[in-house]
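Working notes for the structure below.
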Amino acid sequence: MKKTDWWKNAVVYQIYPRSFKDSNGDGFGDLRGVIEKLDYLRELGIDVIWLSPVFDSPQDDNGYDISDYRKIYAGFGSNEDMEELIQKAHDREIKIVLDLVVNHTSNEHAWFVESQKSRDGQYSDYYIWKDPKPDGSEPNNWGSCFCGSAWEFCEERGQYYLHFYSKKQPDLNWENPKVRQEIYDLMKFWMEKGADGWRMDVIASISKNQNFPDYLEREGQKYYTGKYHSNGPRLHEFLHEMNQEVLSKYDCMTVGEAPGSTPETARLFTDPKREELNMIFTFEHMNIDRVPGSVNRKWALKPFDLRELKKVMSSWQNQLYNKGWNALYFENHDQPRVISRWGNDQEYREACAKAFATVLHGMQGTPYIYQGEEIGMTNVAFDLEEYEDIEVRNAYQELVVKNKTISEEDFLKAVWNKSRDNGRTPMQWDDSENAGFTTGKPWFKVSERYPEINVEKALEDRNSIFYYYKKLIGLRHTESLLTDGDYQLIMEEDAQIFAYLRTTDQESWLVAANLSEQHRSTEELRKFAGNVKEIKICNYERSSLEEDMRPYEAFMMRIR
Ligand code: NOJ
């Protein structure tokens, strides 16, 4: 089988199935809902769908807690539906990438059910078990990403098991070769059914520091997350093995979620010579608006500074050039809506959504669009009780109620700005009840802005964000400069304009976005641009570089 780099000029669209489209009126999105909307996605022009997990699960973390990797969760449909989806997507030249959640399983997975029974059974070493300290307490001070300890005591074994996420998500023991083999087998199972690749959940965490050292203690804190949790000594060995055992046998694409990654470590994952993954999702640019090291974690907000964003993204562009590959994203099911977070989701909503899209899709790498991003969906501001996400609920109990390190008011503000639920409200299809997502009662509240922001409206307006994305995607397919050109940030210190050059032997492009509400002179840009040869895309009317840039104006133009 010949492996190709088809994913280099592909655009991926992420579907969070429970919130995408409900086909049977139970209020919960499903696979038949996705099938219904394939023609919509074909119209948009995307190449790949990444489906968040659809496998059997008690849904403690919305499916990121899998109890059977070979079975589709009944709420989403059946295995036959999945096969039909793959087939019908392929008929439309859309590939399907599945979510591989193998840092942990659900505690209801048969392996864990057996594992917790005894210390010497067939599955005893499938998870990470440790004896209590002599005083009965946890083996170390590692914390869960969802707050509290990362250890849970199991009476039956008289031991603790490790869980980086909820206690219903025990971490698998990758040191055990049998575990790795099980994982490779389940990957092959779906690839034989036609899956075109994998998004790998928290893949940087599969190898842990095997000394299980305590984190250094700080006043007012009991449990910690950090460097011992991820990027352990055998990470790249495991990924190379997975590549040899499975990935190299298919013409597939892979993207690993890699908390704690830097451009240097990204090369280890994505340098083709190393035969691991195609690309990774970094968190560096997602962390620019949080106070580093705060006990209140992501809920400690730091004002957005465009210069920071430019610095981080540019360093990834430059350091991976010819050495690896970038996964480009602003949104996914764990992130708020970018226009609400860093832009303007009111007066300039449309221009702003197009401007952020221009900046992202002008870069080198594979761009990801998260459902609803292509119509400019926005954050929501619900009451605390209305939030569904386990991350919000646990953080509220721990930080507001128990530790009192953040006031309820500040916490709520942070939730409106940052919570994962901002991206999880049902997709807004039209202005009918429940935004056309379901005929039943939606599992999660619909944004009240759906009469104004919905797919039907976007499709009727040739100037909509949707058609702007369609054009951007088209450019990714036809313009090899976007795939191959090098990258140079310009106007580095400017806090409003994000501008860079892309260059190949044949041509140069200027990509620029005014990410502010002010009019900005183009004088500085003209110094770099010389003559405008062709405007490739612009979210306002423009024929040269003479006029000022208007609020949230963005463009790509050929200048040589
Ligand atoms: C990352 C996923 O994207 C997130 O939604 C999930 O909660 C954690 N990993 C745990 O699987």
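What you see is a predicted model, and the numbers here were worked out from it, not measured in a lab. In listed order, ligands and their atoms are each counted from 1.
- Looking at residues two or more places apart in sequence or on another chain, you find a ring-ring contact (aromatic ring centres under 6.0 Å, His included) between Tyr165 and His104, Phe146.
- The pair Arg337-Asp345 does not count as a salt bridge, with every side-chain nitrogen at least 4.0 angstrom from each carboxylate oxygen.
- A side-chain hydrogen bond (donor to acceptor under 3.5 Å, both in side chains) check over residues 139-149, counting only residues at least two apart or in different chains, returns the pairs Asn140-Trp151.
- Using bins of under 30°, 30° to 60° and over 60° for the plane-to-plane angle, the ring pair Trp174/Phe238 lands in the tilted bin.
- Remark: Lys37 qualifies as a cation-pi partner of Trp429 under the 6.0 Å distance and 45° angle criteria applied to the six-membered ring.
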Ligand 1 N/O to protein N/O, distances under 3.5 Å:
unit_1   : atom_1 : unit_2 : atom_2 : d
ligand 1 : 3 (O)  : Arg199 : NH2    : 3.0
ligand 1 : 3 (O)  : His333 : NE2    : 2.8
ligand 1 : 3 (O)  : Asp334 : OD2    : 2.4
ligand 1 : 5 (O)  : His333 : NE2    : 3.0
ligand 1 : 5 (O)  : Asp334 : OD1    : 2.7
ligand 1 : 5 (O)  : Asp334 : OD2    : 3.4
ligand 1 : 5 (O)  : Arg420 : NH1    : 3.4
ligand 1 : 7 (O)  : Asp61  : OD1    : 3.3
ligand 1 : 7 (O)  : Asp61  : OD2    : 2.5
ligand 1 : 7 (O)  : Arg420 : NH1    : 2.9
ligand 1 : 9 (N)  : Asp201 : OD1    : 2.9
ligand 1 : 9 (N)  : Asp201 : OD2    : 3.2
ligand 1 : 11 (O) : His104 : NE2    : 2.9
ligand 1 : 11 (O) : Asp201 : OD2    : 2.7

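- Scored by the side-chain hydrogen bond (donor to acceptor under 3.5 Å, both in side chains) test, Glu245 finds no partners at all (sequence neighbours excluded).
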